[in-house]
> 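What follows is a single structure, and I will ask about it in a moment.
Letters A, B, ... are given to chains in the order of the sequence lines, protein chains preceding strands, and every chain is numbered from 1.
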Amino acid sequence: MASLISCPHCGMRPKEEFMIRGDAAPVRPSAMASDEAWHDYVHLRNNPRGRVREHWQHVAGCRRWLLVERDNLTHAVFSVADAAAEGGQ
Amino acid sequence: MRYSAFSIFKQAFAGNLGWKPAWREPDPKPHYDVIIVGGGGHGLATAYYLAKEFGLRNVAVIEKGYLGSGNVGRNTTIVRSNYMLSGNEPFYEFSLKLWEGLEQDLNYNVMFSQRGIINLYHNDGQRDQYIRRGNAMMMEGVAAELLDRDALKKMMPFLNFDHARFPIMGGLLQRRAGTARHDAVAWGFARGADRHGVDLIQNCEVTGIRRENGVVTGVETTKGFIGCNKLALAAAGNSSRVAEMAGLKLPLESHVLQAFVTEGLKPCIDHVITYGAGHFYISQSDKGGLVFGAEIDGYSSYAQRGNLATAEHVMEEGVTMIPGLSRVRVLRSWGGVMDMSMDGSPIIDRTPIDNLYLNCGWCYGGFKATPASGFCFAHLIAKGESHHVARALRLDRFERGFPIDEAGAGTQPNLH
C-alpha cells in the first residue's frame with residue numbers, strides 16, 4: 001500500500017490517517033428486503049484478487065467518506081474520490 | 001523408513017547415504033475418491049487422518065506451489081486452547097490433545113514445546129474478563145491459572161510492570177500451551193499421509209471445478225483434468241477464489257498479517273507472552289530468535305507482504321511490554337494471506353453442493369488448529385457428518401444468527 005494517500009479535500013496525507021471500512025461493492029438493501037438479501041449484504045464478499053473499490057474514511061483529516069480504488073495484490077492505489085461526489089453510499 | 005535414535009546412529013555409520021526422501025512425487029492419477037485442494041498444514045492433516053483414521057487411501061492433495069508454502073510456514077507457531085466461547089473451546093482443546101501425542105503418532109519431531117502461554121492484563125476490567133475466560137475454560141475441563149503481579153514478577157522480571165499508561169497487573173496462564181516447529185508440522189503430516197498411500201501433487205494449480213448435474217466430478221488443473229468423488233477445499237487465503245470456481249460466495253475477506261524474527265539470543269523468554277493493552281505476542285524459537293507478531297494490517301490484500309507502518313506499531317507494542325527488546329535487531333519480516341471470516345471463527349462444513357466440502361476462515365489462528373482441523377474435516381468427508389467438537393463451525397451460522405464472535409467485533413473482518 002502506498003504510504004501517502006491523496007485525499008481529494010486535504011491533499012497528500014499519510015495512510016495512517018485513514019480508516020478502512022471495507023469493500024464498496026455490497027449495496028445496502030431496503031429495510032424490508034428479504035433475509036437472503038440482508039445476509040448477502042452483511043456477510044458475503046466476492047473477495048476478488050486484483051482491483052477493488054473500498055470505502056475509507058479520512059478520520060484524522062476532513063472526516064469525509066472516500067471511495068478508494070486500488071489493487072490488493074500489488075498494493076497500488078489508482079484513485080481516491082469523495083464517496084458522496086461519486087454517488088456512493 | 002522409521003525415524004529413531006537407532007536410525008540416526010545407523011545412518012551416521014553408513015555416511016548418511018541411506019536417507020530416503022520423506023515422500024514420493026507421484027504423477028496424478030485420472031481419478032481419486034477424495035481430492036483435497038491445498039497442501040498446507042490443514043490439507044495435509046486432512047489427508048493424513050482420512051487415510052489413517054477413516055481408511056480412505058485413494059486420496060490426493062493438490063498444491064499450487066510446494067508443500068507448506070503458505071501460512072503453515074509463515075506463522076508465529078503458537079499452540080493454545082484458551083478460548084472462551086463454547087463453540088470454540090472444545091474444538092481447540094481437542095486440537096491441543098492431538099498435539100500432545102502428535103510426534104509419536106507421526107513418528108516425526110515437530111518440536112512441540114509446552115512452555116505455557118500468559119495473557120497479560122493491565123486494568124481491573126481486563127482482569128475480570130480473563131477470570132471469566134479462565135472459568136469458561138475450566139468448565140470445558142481445561143486448566144487455567146490467574147497470576148497476580150508478584151507471581152508474574154518472579155516468572156518474567158523483564159516485563160515493564162510500571163508503565164505509566166499500561167501497568168501490568170497480572171496474567172492468565174495456560175501451562176499446556178506452547179509452540180511447535182511450523183514447517184516440521186507440514187512435513188510430518190505430508191510424510192505420514194504419503195506413508196498411508198496419499199498422493200501429494202505439488203506445483204499443480206487448480207484452474208477450474210467441473211460440475212455435472214449439480215455435483216462436482218473433478219478439477220481442472222495445470223496438469224490436466226483429475227476426477228474425484230468428493231472435493232475438499234483447504235485453500236486458506238485463496239478460499240474465496242477456489243470456491244468461486246464452484247459458484248460459491250463465502251463470508252470471507254483476505255487480509256495480510258505480518259510476523260517478525262530477531263537475531264538469535266541465548267534463552268531469555270521462556271513462555272509465549274501476549275500483551276493485553278494492544279495485540280502483540282512473542283516467544284523464543286529453539287534457534288534463539290524472538291518470533292513475534294501483532295494484528296493484521298487492516299486492508300484486504302492477497303500480497304504476502306505488509307506495510308512498514310504496521311511494522312512500526314508492532315515494534316512499539318513489543319518495546320512497551322519488554323523494554324529490553326529495543327536492543328535486539330530484527331532479522332526478517334514476512335506476511336501471509338489470512339482468510340478472515342465475518343465472526344473471527346473458522347468454517348468446517350458441507351456446502352450447498354453435495355460432494356463439495358469446505359475448510360476455511362481460520363483468520364490468523366489456524367496453526368494451533370492444524371491437527372483438529374484435519375481430523376474433523378476428515379471425519380466430515382468420510383462420514384458425511386460433523387465431528388462433535390466442530391459442530392458449531394458451520395457455514396450457515398451467519399445466516400441463521402449463530403456467529404461465534406470471540407472478539408465481539410461484529411461482522412467486520414478487519415477487526416477480528
Side-chain angles (χ1 to χ4, degrees), chain A residues 1-7 12-29 33-61 65-80, chain B residues 235-244 247-256 258 296-313 316 335 337-343 347 352 360-361 395-403 405 409-416:
Chain A
M1 184 87 68
S3 299
L4 294 172
I5 302 294
S6 175
C7 173
M12 281 293 204
R13 307 296 303 173
K15 186 187 84 59
E16 288 62 55
E17 290 188 359
F18 298 82
M19 188 274 294
I20 301 168
R21 171 71 176 81
D23 193 355
V27 176
R28 191 181 182 86
S34 65
D35 286 355
E36 289 74 31
W38 275 98
H39 167 59
D40 191 76
Y41 168 70
V42 174
H43 299 122
L44 301 184
R45 296 289 179 270
N46 289 321
N47 196 15
R49 189 176 77 178
R51 265 185 188 245
V52 289
R53 275 153 58 93
E54 287 178 329
H55 283 137
W56 290 30
Q57 191 188 11
H58 195 182
V59 287
W65 280 94
L66 306 170
L67 207 54
V68 177
E69 187 167 14
R70 65 181 185 92
D71 191 306
N72 66 10
L73 184 62
T74 65
H75 288 172
V77 176
F78 303 119
S79 68
V80 184
Chain B
N238 284 301
S239 291
S240 295
R241 298 181 58 239
V242 183
E244 193 186 5
L248 294 180
K249 194 173 166 189
L250 300 180
L252 298 179
E253 200 171 271
S254 294
H255 282 257
V256 60
Q258 299 189 64
I296 51 177
D297 274 29
Y299 45 85
S300 81
S301 175
Y302 279 94
Q304 288 176 319
R305 64 183 188 284
N307 251 53
L308 276 177
T310 306
E312 184 183 16
H313 177 69
E316 280 173 357
V337 184
M338 309 291 125
D339 36 339
M340 299 301 293
S341 70
M342 288 290 159
D343 61 358
I347 296 159
C360 64
L395 176 60
D396 66 357
R397 67 173 185 265
F398 304 96
E399 203 171 345
R400 294 167 62 247
F402 295 98
D405 193 342
T411 56
Q412 183 70 24
N414 61 359
L415 295 184
H416 287 289

> Roughly how far, to the nearest 0.5 Å, is CG of B:Leu395 from NE2 of A:His43?
11.5 Å
> Quick one: of A:Glu54, A:Arg21, A:Lys15, who has the most non-hydrogen atom pairs under 4.5 Å with chain B?
A:Arg21
> Heavy-atom distance under 4.5 Å to chain B: side chain of A:Pro48, backbone, both or neither?
backbone
> Any side-chain heavy atom of A:Asn47 sitting closer than 4.5 Å to one from B:Tyr302?
yes
> So which part of A:Asp23 gets closer than 4.5 Å to some heavy atom of chain B, the side chain, the backbone, both or neither?
both
> Name the member of B:Pro251, B:Ala243, B:Ser300 that forms the most heavy-atom pairs with chain A at distances under 4.5 Å.
B:Ser300
> Heavy atoms, side chains only, cut-off 4.5 Å: are B:Met342 and A:Leu44 in contact?
no
> Nearest 0.5 angstrom please: B:Glu253 CD to A:Arg45 CZ, how far?
6.5 Å
> Is the number of heavy atoms from other residues, nucleotides or ligands within 6.0 Å of CG (A:Leu4) greater than 12?
yes
> Can you check side chain to side chain donor-acceptor pair (under 3.5 Å) on A:Arg70 and B:Ser301, steps first, answer last?
CA-CA 10 Å; A:Arg70 65 181 185 92; B:Ser301 175; 6.0 Å; no
> Could you go through the side chain to side chain contact (heavy atoms under 4.5 Å, CB included) check for A:Asp35 and B:Glu399 one step at a time?
CA-CA 8 Å; A:Asp35 286 355; B:Glu399 203 171 345; over 6 Å; no
> Anything under 30° is parallel, anything over 60° is perpendicular, the rest tilted; go ahead and classify B:Tyr299 against A:His75.
perpendicular
> Where does B:Glu244 contact chain A at under 4.5 Å (heavy atoms): side chain, backbone, both or neither?
neither
> On a heavy-atom basis, which atom in A:Leu73 and which in B:Ala303 lie closest, and how many Å separate them?
O-CB, 3.3 Å
